Amino acid sequence: MSSSAYHSYPTYISMVTATFNQNNSCIAVGFPDCYKVYNCDPFGECFSKNDDGGASIMEMLFSTSLVAVVGTGDKPSTSTRKLKIVNTKRNTIICELSFSTAILAVKLNRKRLVVVLYDQLFIYDISCMKQLKTIETVPNRLAIASLSADDSSILAYPSSDSSSSNERHQLGETVSTGGSGGVVLYDALNCEFITIIEAHKAQLQQICLSKDGSLLATTSHKGTLIRVFSTSAPFDKLYEFRRGSYQVRIQHLSFSHDNRYLSCCSNTGTIHFFKLDSSSTEEDGSEADREERLIPQQGELSTEESTSVTNIFSQKGKYHLKEYLQQVSSRLPTNVQQNFTSLIEPQRDFAHIKLPSPSPTTIATIDSSNNVVVFSGTNLYVYHLKPGECVLLKKHSLT
């Protein structure tokens, strides 16, 4: 990763991890010597455990009293190989699971709990903590994985770069090679392989499923392009957004509950918001249909314009794709130029937030009132989502 992707951060109180719960009403924060849960609105601490060491991973189960916790590894009782299920109402540990290597991530909903190791995934029935499936994966040091919040329990994780991945997954064999930008979709409720989406040519950096599991957002290690795919056959690419031109570290992706917006946090201290216009998606249809309709239909062009476009299409082998589309666009009527422009350049954000300073941990979510809740450094911010620069409404500090 280039040096432009790294930033120096102000000195914060020691905070190890922070995550929103599935309905974004609370945020769980792990410290070196304790872990806490805060209510977002109204803001306030609603749970704290100081007698069990710190937490490197925390995942809540909606607004229930159950929290999955992984220690910081500074002593045997807080091993990073041990997962604890904590009841916050009783302030007790009700279940523990141990693994052979360090736990890198934990995902859960009301039906399933998924534990992510370096090269394995473990799927559990959360109602009884029975292990249902072990999946061998490519080396996954970034703990790239996402589980839908609803009961459909769609699971996404990196695939291999082998063209025979689909066949090997269906046979239940290990996918052992790495380095691709493909994403495995897996039905964790029924423990069935769904498909592999070839999202990027470069390695993945972040992925995120929508709350209902219908959409998948991905970005590669460059962090410049964000793509959104349907998780239903034929698994089309629905959107492509440009975050920027420089390589950055993407810290967090998140869909709004109604799937109208997608947020993207990076280590530059900027949060981008992209609009997912479902009406235009339905109108556009499939990618093949969309490309076909980019060519004006009979009667839309004059004889002179039609001859000009035909001449360009007959010479398309002489151009690279971008130059070719620019040539086509310049000769088309105004009413069809916009479609060509969207092919040449992906959509940009419609709104953004510039935080006071970058942070090693920044996460954001959009609530049902179209307000953006951001946790960065040791502060919780609330912004009003609007085109252009979002407006700061509230700021709360953990200190």
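For this chain, numbers begin at 1 and follow the sequence in order. Only a predicted model underlies this, so the values are computations on that prediction, with no experimental measurement involved.
- For F375 and Y381, the ring centers sit 6.0 Å or farther from each other.
- In this structure, L117 CG and S100 OG are separated by 6.5 Å, a value rounded to the nearest 0.5 Å.
- Not one N or O on the side chain of S210 forms a donor-acceptor pair closer than 3.5 Å with the backbone of F255.
- Two residues are said to be in side-chain contact when any heavy atoms from C-beta on lie closer than 4.5 Å; L392 and V382 fail this criterion.
- Sorted by first then second residue, the salt bridge (Lys or Arg N to Asp or Glu O under 4.0 Å) pairs that include residues 379-390, not counting sequence neighbours, number zero.
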Next on the checklist: Show, in sequence, the C-alpha distance, side-chain angles and deciding distance for L253 and I207, and conclude whether the side-chain contact (heavy atoms from CB on, under 4.5 Å) test is met.
Outcome noted: CA-CA 7 Å; L253 294 172; I207 63 175; 5.9 Å; no
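- Cluster annotation: Y124 is not connected to V86 through the hydrophobic network of ILVMFWY side chains, with a link wherever side-chain heavy atoms come within less than 4.5 Å.
- No side-chain donor-acceptor contact under 3.5 Å links Q206 to the backbone of T219.
- For S359 (side chain) and G377 (main-chain N/O), a donor-acceptor pair under 3.5 Å exists by modelled atom type.
- When all heavy atoms of I196 and S159 are compared, the closest pair comes out as CG2-OG, 3.7 Å.
- The side-chain heavy atoms of I226 and L262, taken from C-beta on, include a pair separated by under 4.5 Å.
- Closest approach of A105 and I57 over heavy atoms only: N-CD1, 3.7 Å.
- Distance check, rounded to the nearest 0.5 Å: NZ of K133 to CG of D125 gives 15.5 Å.
- At a threshold of 4.5 Å between non-hydrogen side-chain atoms, the residues L209 and L147 do not count as touching.
- A side-chain donor-acceptor contact under 3.5 Å links R81 to the backbone of F99.
- Looking at R243 and D349, their side chains never come closer than 4.5 Å, going by heavy atoms from C-beta outward.
- A pairwise comparison of heavy atoms in S245 and R348 identifies OG-NH2, 4.4 Å as the closest pair.
- For the pair T80/I103, no side-chain contact is recorded, criterion being any heavy-atom separation below 4.5 Å from C-beta on.
- One N or O on the side chain of N21 and one on the backbone of C26 form a donor-acceptor pair closer than 3.5 Å.
- The shortest side-chain heavy-atom distance between Y186 and L121 does not fall under the 4.5 Å cut-off.
- For T88, the side chain to side chain contact (heavy atoms under 4.5 Å, CB included) partners are F47, S65, V67, not counting sequence neighbours.
- Heavy atoms from other residues, nucleotides or ligands lying under 6.0 Å from NZ of K222 number 12 at most.
- Side chains of S369 and N371: a donor-acceptor N/O pair is absent below 3.5 angstrom, by distance only.
- Two residues are said to be in side-chain contact when any heavy atoms from C-beta on lie closer than 4.5 Å; L355 and I271 meet this criterion.
- Distance alone, capped at 3.5 Å, is enough to place a donor-acceptor pair between the N109 side chain and the D150 backbone.
- For the pair R110 and F62, the cation-pi criterion (under 6.0 Å, within 45° of the ring axis) is fulfilled.
- You'll find the side chain of C264 reaches within 4.5 Å of the side chain of I250, heavy atoms only.
- Partners of K211 by side chain to side chain contact (heavy atoms under 4.5 Å, CB included), not counting sequence neighbours, listed by chain and number: N24, A149, S254, H257.
- Taken together through direct or relayed side-chain contacts under 4.5 Å among Ile, Leu, Val, Met, Phe, Trp and Tyr, V115 and L108 form part of one hydrophobic cluster.
- One side chain, S266 or T268, offers a donor N or O that lies under 3.5 Å from an acceptor on the other.
- Between the side chain of S148 and the backbone N or O of G213, no donor-acceptor pair lies under 3.5 Å.
- In this structure, I154 is a member of the same hydrophobic cluster as I144, with clusters built from ILVMFWY side-chain heavy atoms closer than 4.5 Å.
- For F235, there are no ring-ring contact (aromatic ring centres under 6.0 Å, His included) partners at least two apart in sequence or on another chain.
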Item to check | Pair C95-I93, side-chain contact (heavy atoms from CB on, under 4.5 Å): steps then yes or no | outcome: CA-CA 6 Å; C95 177; I93 299 171; over 6 Å; no
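- To the nearest 0.5 Å, atoms NZ (K275) and OH (Y239) are separated by 11.5 Å.
- Between A28 and M60, the closest heavy-atom pair is CB-CG, 3.9 Å.
- Judged purely by atom type and a 3.5 angstrom limit, D236 has no side-chain atom pairing as donor or acceptor with the backbone of L238.
- Nearest approach of A55 to V16, heavy atoms of both residues: O-CB, 3.4 Å.
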Next on the checklist: Using side chain to side chain donor-acceptor pair (under 3.5 Å), reason through S152 and D212 one step at a time and then give a plain yes or no.
Outcome noted: CA-CA 8 Å; S152 67; D212 62 2; over 6 Å; no
Checklist entry - Stepwise, does the side-chain contact (heavy atoms from CB on, under 4.5 Å) test hold for R249 with Q251? => result CA-CA 6 Å; R249 182 166 64 86; Q251 297 174 316; 3.4 Å; yes
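- No donor-acceptor pair closer than 3.5 Å links the side chain of R90 to the backbone N or O of T92.
- Not counting sequence neighbours, S79 has no partner by the side-chain hydrogen bond (donor to acceptor under 3.5 Å, both in side chains) test.
- Under a hydrophobic clustering in which Ile, Leu, Val, Met, Phe, Trp and Tyr are joined whenever their side-chain heavy atoms come within less than 4.5 Å, directly or via other members, I126 and V106 fall into the same cluster.
- Remark: the backbone N or O of A199 is paired with a side-chain donor or acceptor of R227 at under 3.5 angstrom.
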Checklist entry - Could you go step by step and tell me if V114 and F122 meet the side-chain contact (heavy atoms from CB on, under 4.5 Å) rule? => result CA-CA 6 Å; V114 178; F122 292 87; over 6 Å; no
Item to check | Worked verdict on S98 versus K82 for side chain to side chain donor-acceptor pair (under 3.5 Å) | outcome: CA-CA 4 Å; S98 295; K82 183 185 297 184; 5.6 Å; no
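- The ring pair (Phe, Tyr, Trp, His ring centres under 6.0 Å) with Y261 is formed by just one residue from the set F241, F350, F273; it is F350.
- Residue pairs meeting the side chain to side chain donor-acceptor pair (under 3.5 Å) criterion with at least one member in residues 27-45, sequence neighbours excluded: Y35-D52.
- Here the closest heavy-atom approach between residue S230 and residue I197 is recorded as O-CD1, 3.9 Å.
- Side-chain heavy atoms closer than 4.5 Å link hydrophobic residues (I, L, V, M, F, W, Y) into clusters, and following such links, even through other members, never connects L393 to V373.
- Side-chain atoms of D187 and S153 form no donor-acceptor pair, as typed in the model, at a separation below 3.5 Å.
- Using a 3.5 Å distance cut-off with no hydrogens or angles, the side chains of H200 and T218 do pair a donor with an acceptor.
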